[in-house]
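Here the structure comes first, spelled out in structure tokens, and everything after it is commentary.
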There are 2 protein chains.
Amino acid sequence: MWISTRAQYGLRALIEIGRQPGQPISLKEVATRQGISLHYLEQIVGGLRRAGFVQSVRGARGGYQLARPAAGINAYEVVTTLEGSIAPVQCVEDDHTCASQNVCGTQELWFRVNAALREVLGGTTLADLIVEAQEQQHARLIQLA
Amino acid sequence: MWISTRAQYGLRALIEIGRQPGQPISLKEVATRQGISLHYLEQIVGGLRRAGFVQSVRGARGGYQLARPAAGINAYEVVTTLEGSIAPVQCVEDDHTCASQNVCGTQELWFRVNAALREVLGGTTLADLIVEAQEQQHARLIQLA
DNA sequence: TCAATCTTGACTTATTTGCTCAGGATAGTC
DNA sequence: GACTATCCTGAGCAAATAAGTCAAGATTGA
């Protein structure tokens with residue numbers, strides 16, 4: 001497992017926040033629904049706020065809401081905001097120049113891995129995830145009945 | 001960077017070992033060529049031996065050689081041998097059942113990421129890597145000339 | 001016999017992760 | 001204008017992991 005809980009929880013929080021557009025949801029609510037520690041969530045969502053994904057509404061009945069439409073947020077930017085680079089190896093990291101001058105023989109492989117990752121994560125928007133989450137919950141309710 | 005140096009060095013060692021089929025190469029040689037600590041390399045290649053990728057030849061003029069043809073070894077098995085699972089999140093790990101019963105909404109995303117990874121790594125054989133490594137070195141020699 | 005090489009396992013050191021805790025700032029509501 | 005819900009910040013900490021290092025031995029060719 002190499003995606004930290006930080007990024008995983010951040011994505012899940014965004015799904016909850018994006019679910020009811022217009023009205024803010026408190027972190028307490030998000031924490032209960034997703035089973036995440038409140039204090040830890042505060043740290044994570046703080047990062048998402050500073051990066052411009054969500055807005056906070058302070059005071060009683062406050063909470064968080066999306067700062068941009070869900071269809072305009074993709075999983076790649078969310079994950080890298082919370083996690084930093086997710087390149088498989090250092091060679092492939094944005095600003096890095098290879099110490100062994102490309103003679104190791106594996107660099108092209110890691111580039112292909114990196115490209116595949118960006119394609120999958122960059123091609124999934126928060127709007128997609130919200131739909132998937134709702135379908136999953138629906139399917140589960142039917143299963144229980 | 002989430003592929004450990006262990007797996008990276010292991011792949012690079014296999015490229016060196018697979019380069020001259022038939023004759024064993026010492027780890028000292030591999031360590032010098034690839035710029036890796038000898039003792040660390042011993043640990044790593046030991047793992048590859050136990051997993052059946054390479055054979056050791058003891059004594060003077062000994063070393064390591066491939067135990068299977070290079071075209072029959074793919075990067076996915078090498079990496080997972082040295083690294084354990086490379087699933088992005090625990091949900092997706094082979095024997096794991098999801099604690100939040102699939103209501104988190106992100107599981108499908110991680111499955112897609114995992115599938116993309118397996119495809120790229122599983123589709124690259126050691127024989128491919130050896131060719132790529134030789135092309136790289138050739139290109140570099142021309143560049144220097 | 002000697003030296004080159006493989007083999008094993010314990011140990012170390014630094015970093016990261018995943019939290020917890022304490023305390024504050026801000027703003028609606030009664 | 002007190003009360004309370006909420007956001008916000010930074011320090012601290014235990015456990016795990018990574019990336020080696022070190023020491024000592026086994027095996028075999030020359």
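Here is how names work: the chains are called A, B, and so on, in the same order as the sequence lines, proteins then strands, and each is numbered from 1. Values in this document were obtained by computation on a predicted structure and should not be read as measured data.
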- Query: Does the side chain of S26(B) get closer than 4.0 angstrom to OP1 or OP2 of dA4(C) through an N or O atom?
  - Reply: no
- Mind checking side-chain hydrogen bond (donor to acceptor under 3.5 Å, both in side chains) for T81(B) and listing every partner two or more places apart, or none if nothing turns up? none
- Side-chain N or O of S56(A) less than 4.0 angstrom from OP1 or OP2 on dC8(D)? yes
- Whole-Å distance, Q55(A) CD to dT6(D) P, equals 18 Å
- Task: Sugar-phosphate atoms are those with a prime plus P, OP1 and OP2; base atoms are the rest. Using that split, label each nucleotide of nucleotides 9-17 of chain D B, S or - for protein heavy atoms under 4.0 Å, 5' to 3'.
- Result: B-B------
- Check the distance between dT21(D)'s P and L41(B)'s CG and give it to me in whole angstrom. 12 Å
- Note on the structure: Separation of dA3(C) atom P from K28(B) atom NZ, nearest Å, is 14 Å
- Message: If the condition is salt bridge (charged side-chain N to carboxylate O under 4.0 Å, His left out), which residues does R68(B) pass it with, not counting sequence neighbours?
- Response: E77(B)
- Task: Would you mind reading off the distance between Y40(A) atom OH and dT16(C) atom C1', rounded to a whole angstrom?
- Result: 11 Å
- Task: Taking only the side-chain heavy atoms of S4(B) (C-beta and beyond), determine which of dA19(D), dC7(D), dT20(C) contains the nearest atom.
- Result: dA19(D)
Distance-only donor-acceptor pairs under 3.5 Å for side chains of residues 49-59 of chain A, two or more places apart:
none

- Query: For Y9(A) and dC19(C), is the shortest distance between a side-chain N/O and OP1 or OP2 below 4.0 Å?
  - Reply: yes
- Message: Under the rule for salt bridge (charged side-chain N to carboxylate O under 4.0 Å, His left out), what residues qualify as partners of E42(B), not counting sequence neighbours?
- Response: none
- Note on the structure: By side-chain hydrogen bond (donor to acceptor under 3.5 Å, both in side chains), S26(B) pairs with (sequence neighbours left out) none
- Query: What pairs with E135(A) under side-chain contact (heavy atoms from CB on, under 4.5 Å), at least two apart in sequence or on another chain?
  - Reply: V131(A)
- Message: Can you list everything that forms a side-chain hydrogen bond (donor to acceptor under 3.5 Å, both in side chains) with R112(B)? Sequence neighbours excluded, please.
- Response: T124(A), E132(A)
- Task: Write down the distance between CG (L38(B)) and C1' (dA23(D)), rounded to a whole number of angstrom.
- Result: 14 Å
- Task: Verify, without hydrogens or angle tests, whether R33(B) (side chain) and E16(B) (backbone) share a donor-acceptor contact under 3.5 angstrom.
- Result: no
- Message: In this structure, how many angstroms lie between the C1' atom of dT5(C) and the CD atom of E29(B), rounded?
- Response: 14 Å
- With sugar-phosphate taken as primed atoms, P, OP1 and OP2 and all else as base, the protein-contact string of nucleotides 25-30 of chain C at under 4.0 Å (heavy atoms; B, S, -) is BSB---
- Where do L129(B) and T125(B) land on the side chain to side chain contact (heavy atoms under 4.5 Å, CB included) test, with the steps shown first? CA-CA 7 Å; L129(B) 291 176; T125(B) 70; over 6 Å; no
- OP1 or OP2 of dT6(D) sitting under 4.0 Å from any side-chain N/O of Y64(A)? no
